[in-house]
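Please read the structure below before turning to the comments.
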Amino acid sequence: MAKRRARRTNAGGDGARPENVPGARELIVVARDDALLRATPEGVASLAGADVRPLARAVERSQGTLRRLFATTEEALITERLELEATAAAPVPDLSVYYYVDAPDERLDDLAAELAETETVEAAYVKPPGEPPIAPPARGARARRADAPDSGAAPAATPDFVARQIYLQSAPAGIDAQFAWTRPGGRGSGVNVIDLEWGWRFNHEDLRAIQGGVVGGVNSSDDDHGTAVIGEISGDRNGYGVVGICPDAHISAVAFSMPTAQAIRMAADRLRPGDIMLLEIHRAGPRHNFQPRLDQRGYVAIEWWPDDFDAIRYVVSRGIIVVEAAGNGAEDLDDPIYEIRPGGFPQSWRNPFNRSNRDSGAIVVGAGAPPPGTHGQNHGADRSRLSFSNYGALIDAQGWGREVTTTGYGDLQGQPDPDRDRWYTDHFSGTSSASPIVVGAIGCVQGILRQQGGRLLTPATTRDLLRSTGSPQQDTPGRPATQRIGNRPDLRQMIGRVASGGTQQPTVRLIALDCHRTEDWFGPDEAYLNVNGRRVWGPVSLNNGQSADLTRLRPIAFRRRARIDLYDEDNGGWDPDDHLGTGYAWAGTPGEQSLQFRGHGAAYTLTFEVNG
């Protein structure tokens with residue numbers, strides 16, 4: 001895969017400056033399940049008695065060390081998985097099979113190929129370096145904003161920049177955070193947020209309240225990007241500078257100074273169900289053979305790589321909401337190129353950008369245009385897809401991808417003043433700036449629900465809420481709304497949907513009814529379905545091997561459980577309808593599920609999805 005080439009840009013408006021940051025390439029090894037591989041300080045072993053000598057010799061020749069990707073022992077990971085499976089809101093991945101090799105970068109590609117041929121290894125692949133998903137510079141961005149305050153040395157007292165944060169204002173231009181603040185808990189109180197990237201400036205004058213600093217990894221001195229991200233989410237309420245969307249949330253950070261999947265799991269262990277994790281990272285994808293580029297073309301969301309996907313699934317299985325930048329590669333994530341399994345990936349790998357294959361459970365965020373005229377600029381119709389943003393069915397919601405006023409960088413206030421604790425920007429950008437807006441909206445809603453003492457949003461109900469509310473995406477020339485980046489959150493709608501009863505009412509969505517064997521011996525059944533005693537579909541004739549598509553039916557709201565009954569209608573008035581079986585959909589078990597109906601010798605499978 002990619003040869004290492006680190007990169008950095010500024011806030012997105014004054015050009016790209018290659019610098020020596022941020023991520024390194026990673027060689028990931030996936031062990032065969034039956035090998036029972038174990039990595040210890042003394043070396044590698046197999047509890048199944050497999051020959052590990054070829055693996056050990058290859059690593060030694062590379063001057064490398066094989067390490068567990070996830071810091072605890074394999075036995076502890078297996079035990080944790082079994083415990084989580086009893087209560088998890090989503091499938092729990094097996095993290096015990098993942099390892100990484102710490103070796104010189106120039107040896108990683110050859111070593112991966114060699115390791116993939118050993119009998120104890122299922123897969124070995126080299127990941128391109130991760131990078132912050134800040135946008136390439138906008139055309140004409142070097143021209144000074146006509147309405148921008150003079151930069152240069154900061155004034156004696158920082159002015160109030162909140163009026164420039166239009167994304168806080170009423171929909172559709174903003175997300176109506178100011179409405180959320182009128183509700184108890186609506187500033188995010190009681191909610192924990194962890195941002196994952198490389199560097200932050202937690203001693204910035206506007207970021208000193210309700211924060212835990214860097215709680216994992218090593219903070220980078222290249223800290224403008226992280227400073228801008230947390231300013232959007234949790235800028236302090238102090239009468240100057242900016243204010244965050246959910247400023248009463250507790251924010252902290254974990255640095256990608258370690259393998260990315262390892263950092264994701266580390267952050268999860270500091271969060272509770274209902275808390276929020278933000279992944280501010282993208283990588284060079286297959287479009288340009290995984291090669292890093294200054295223009296970021298072909299960059300994609302990190303869940304495409306198996307170890308990152310499973311780390312995200314682990315987080316989601318614990319009820320933690322993961323918000324993931326879609327990436328700035330200008331890619332159609334529905335393109336067939338993403339169905340092609342790269343060399344080195346496990347044989348079981350399936351494209352995660354197609355959620356019918358598999359679903360990480362993350363909220364994936366694209367970048368939309370701000371209202372024309374914001375800061376004197378026009379990036380296309382409000383809420384239209386920005387040209388660099390990835391798009392497709394995977395994307396759940398959008399945020400502002402240009403002209404975001406926040407902390408850091410110093411183009412609004414600061415440069416060339418050396419006091420970087422007083423720097424602010426007017427044009428943070430990319431899926432970098434879009435994703436914190438979605439995080440902030442979720443934080444406001446969760447704060448209200450915590451204040452009410454009701455049931456919190458889950459990863460699944462959060463996704464459903466974002467997709468079913470908000471200000472719709474708009475067309476702009478060359479970038480139609482069919483290039484999906486989703487809706488911009490509207491907190492007034494979101495709160496109205498969930499807050500009155502403490503949470504969004506659970507729903508069951510019927511997907512398909514498959515007939516394997518009819519109840520009637522000599523012809524088709526006249527099948528129909530009742531939910532909680534009310535007929536919702538049918539009767540429809542179904543014969544052996546036939547399937548009924550139910551996806552056009554409206555989702556059905558319920559409380560603790562929904563009773564689902566399948567019947568075969570008998571036309572004779574003297575003969576009651578045959579009851580083929582009963583099943584239940586339960587609140588708090590989100591995701592796609594199935595029921596089997598076997599009454600009166602019939603055999604049917606109902607596929608459905610629970611949200612909430």
Side-chain angles (χ1 to χ4, degrees), residues 88-91 334 350 354-359 361 393-394 396 458 460-461 463-465 467-469 482 484 497-498 501 503-612:
D334 297 326
R350 297 293 182 271
N354 179 350
R355 285 175 173 161
S356 66
N357 289 331
R358 55 186 188 148
D359 186 351
L394 178 77
D396 297 299
T458 67
T461 57
R463 181 188 286 173
D464 182 64
L465 184 62
R467 282 180 169 255
S468 61
T469 62
T482 53
R484 177 184 170 83
R497 178 74 64 88
V498 305
T503 188
Q504 184 178 13
Q505 189 170 1
T507 61
V508 58
R509 182 175 69 90
L510 305 183
I511 297 173
L513 180 66
D514 296 307
C515 176
H516 311 295
R517 184 174 60 251
T518 63
E519 186 271 336
D520 288 329
W521 289 5
F522 304 110
D525 289 340
E526 298 299 316
Y528 67 91
L529 286 163
N530 286 358
V531 176
N532 288 337
R534 182 174 64 87
R535 186 175 299 193
V536 297
W537 173 82
V540 171
S541 294
L542 284 180
N543 217 330
N544 297 336
Q546 292 184 330
S547 178
D549 181 1
L550 309 178
T551 56
R552 294 189 178 184
L553 299 177
R554 287 180 175 272
I556 302 158
F558 63 98
R559 294 188 180 275
R560 189 171 68 90
R561 69 178 187 181
R563 172 173 172 154
I564 304 173
D565 293 283
L566 176 64
Y567 291 89
D568 173 28
E569 183 178 73
D570 284 318
N571 293 325
W574 53 272
D575 187 8
D577 295 345
D578 294 314
H579 183 216
L580 305 185
T582 298
Y584 294 92
W586 293 89
T589 61
E592 189 171 303
Q593 303 168 43
S594 63
L595 291 173
Q596 307 297 320
F597 299 103
R598 295 291 186 267
H600 292 269
Y604 283 82
T605 300
L606 175 69
T607 305
F608 63 95
E609 180 183 53
V610 173
N611 285 297

Heavy atoms only: give me the nearest D568-E526 pair and the separation to one decimal. OD1-N, 2.8 Å
Any chance you could lay out the side-chain hydrogen bond (donor to acceptor under 3.5 Å, both in side chains) test for D520 and T518, step after step, and finish with the verdict? CA-CA 5 Å; D520 288 329; T518 63; over 6 Å; no
Apply the test side-chain hydrogen bond (donor to acceptor under 3.5 Å, both in side chains) to residues T605 and D514: give CA-CA distance (whole Å), side-chain angles for both, the deciding distance (0.1 Å), then the verdict. CA-CA 5 Å; T605 300; D514 296 307; 5.5 Å; no
So which atom in L542 and which in C515 form the shortest heavy-atom distance, rounded to 0.1 Å? CB-CB, 4.2 Å
Are the side chain of R517 and the backbone of G601 linked by a donor-acceptor contact shorter than 3.5 Å? yes
Less than 4.5 Å apart, any side-chain heavy atom of I511 and any of E609? yes
Close side-chain approach of L510 and V536, heavy atoms under 4.5 Å: yes
Report yes or no: does H600 contribute a side-chain atom to a donor-acceptor pair with the main-chain N or O of A602 at less than 3.5 Å? no
Can you check side chain to side chain contact (heavy atoms under 4.5 Å, CB included) on D525 and Y567, steps first, answer last? CA-CA 9 Å; D525 289 340; Y567 291 89; over 6 Å; no
Quick one: CG on D565 to CG on L595, what's the gap to the nearest 0.5 Å? 10.5 Å
Let me see the working for D570 and D578 under side chain to side chain contact (heavy atoms under 4.5 Å, CB included), right down to the final yes or no. CA-CA 7 Å; D570 284 318; D578 294 314; 3.0 Å; yes
Going by heavy atoms in the side chains, are P524 and Q546 under 4.5 Å from each other? no
Residue pair T507 / I556, side-chain heavy-atom distance below 4.5 Å: no
Mind checking the CG-CG spacing from N357 to D359? Nearest 0.5 Å is all I need. 10.5 Å
Residue pair V508 / A585: nearest heavy atoms and the distance that separates them: CG2-CB, 4.1 Å
Could you grab the distance from atom CG of D396 to atom CZ of R463, nearest 0.5 Å is fine? 5.0 Å
E569 and R535: salt bridge (Lys or Arg N to Asp or Glu O under 4.0 Å), yes or no, with the steps? CA-CA 12 Å; E569 183 178 73; R535 186 175 299 193; 3.8 Å; yes
Please report the shortest heavy-atom distance between Q593 and V610, naming the atom on each side. NE2-CG2, 3.6 Å
Run H516 and N544 through side chain to side chain contact (heavy atoms under 4.5 Å, CB included) and show every step you take. CA-CA 5 Å; H516 311 295; N544 297 336; over 6 Å; no
Does the D549 side chain pair with the main chain of T551, one donor and one acceptor, at a distance under 3.5 Å? yes
Would you say the side-chain atoms of R355 pair up with the backbone N or O of A393, donor to acceptor, closer than 3.5 Å? no
Report the distance from atom CG of D577 to atom OH of Y528, rounding to the nearest 0.5 Å. 3.5 Å
Given W537, which of V531, N530, L550 fulfils the side-chain contact (heavy atoms from CB on, under 4.5 Å) condition? L550
So CG of L513 and OH of Y604: to nearest 0.5 Å the spacing works out to 6.5 Å
What's the separation between atom CZ in R509 and atom CZ in F608, rounded to the nearest 0.5 Å? 11.5 Å
